[in-house]
Amino acid sequence: MMVRIHLHKDFFIYCIFGAMATLVNMLSYELFYSQLGLFNTISVALAWFCAVTFAFFTNKYIVFSEKGKKNRHSIASELLYFYACRAASGVLDIIIMFIAVDMMEWNHTLWKFISNIVMGICNYLAGKLFIFAKK
């Protein structure tokens with residue numbers, strides 16, 4: 001049993017910080033959409049930016065335990081690559097929320113949660129396989 005947990009440790013840690021990123025995403029979405037009254041798609045995009053920024057640092061230093069000093073150019077390059085990879089899930093989030101909330105007029109909170117689950121799976125795979133892959 002311990003061997004299995006050890007093999008999937010990064011996935012379990014990712015789930016914890018993924019849940020925290022989801023919370024950042026949902027709370028910032030609620031702030032922008034419900035409290036500030038911004039358009040749905042703008043609120044989704046701003047919430048995505050907040051969550052991705054949070055996720056970059058937690059993924060880099062905690063989930064995938066990247067150690068060692070890097071120069072600013074290397075970190076900036078990694079950050080841009082991270083945003084680029086996450087852009088696909090951000091577009092998916094906007095599409096899901098546009099269809100569910102703007103077109104179908106379904107519950108925005110429920111669909112934001114569902115969208116975050118879909119994005120979380122996509123983002124884990126991108127982080128594990130491409131962004132922070134052990135070389």
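Given the structure is predicted, the values throughout are model-derived calculations rather than measurements.
Under the 4.5 Å side-chain heavy-atom criterion for ILVMFWY residues, no single connected hydrophobic cluster contains both Phe12 and Leu23. Taking hydrophobic clusters as Ile, Leu, Val, Met, Phe, Trp and Tyr residues chained together by side-chain heavy-atom distances below 4.5 Å, Phe49 does not share a cluster with Leu36. Linking ILVMFWY side-chain heavy atoms closer than 4.5 Å, directly or via other members, places Trp106 and Leu92 in a single hydrophobic cluster. Residues Met26 and Trp111 are members of separate hydrophobic clusters, defined by side-chain heavy-atom contacts under 4.5 angstrom among Ile, Leu, Val, Met, Phe, Trp and Tyr. Ile62 is connected to Phe54 through a chain of hydrophobic side-chain contacts under 4.5 Å among Ile, Leu, Val, Met, Phe, Trp and Tyr, so both are in one cluster.
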*Quick one: do Thr41 and Met97 satisfy side chain to side chain contact (heavy atoms under 4.5 Å, CB included)? Show the steps, please.*
CA-CA 7 Å; Thr41 51; Met97 292 301 289; over 6 Å; no
*Do Phe82 and Val52 pass the side chain to side chain contact (heavy atoms under 4.5 Å, CB included) test, and can you show the C-alpha distance, the side-chain angles, and the key distance before you say yes or no?*
CA-CA 8 Å; Phe82 188 79; Val52 170; 3.7 Å; yes
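A donor and an acceptor atom, one from each side chain of Tyr83 and Thr53, are located under 3.5 Å apart.
With His108 as the fixed residue, the ring-ring contact (aromatic ring centres under 6.0 Å, His included) test singles out one of Tyr33, Phe113, Phe39: Tyr33. Partner Ser115 forms a side chain to side chain donor-acceptor pair (under 3.5 Å) with one of Asp93, Asn25, Thr22 and no other, that one being Asp93.
To the nearest 0.5 Å, the span separating CD1 on Ile117 from NZ on Lys112 amounts to 12.0 Å.
The heavy-atom pair separating Arg86 from Ala55 by the smallest distance is NH1-CB, 3.5 Å. Smallest separation of non-hydrogen atoms from Ala51 and Ala21: CB-O, 3.7 Å. The minimum heavy-atom distance between Trp48 and Ser89, with the atom names listed, is NE1-OG, 4.2 Å.
Tyr29 is listed as a side-chain neighbour of Asn40, based on a closest heavy-atom distance under 4.5 Å. In this structure, the side chains of Thr58 and Met20 stay at 4.5 Å or more apart for every pair of heavy atoms. A heavy-atom distance below 4.5 Å is found between the side chains of Phe56 and Leu79.
By the ring pair (Phe, Tyr, Trp, His ring centres under 6.0 Å) test, Phe98 is found to be paired with no residue, residues two or more places apart in sequence or in another chain being considered.
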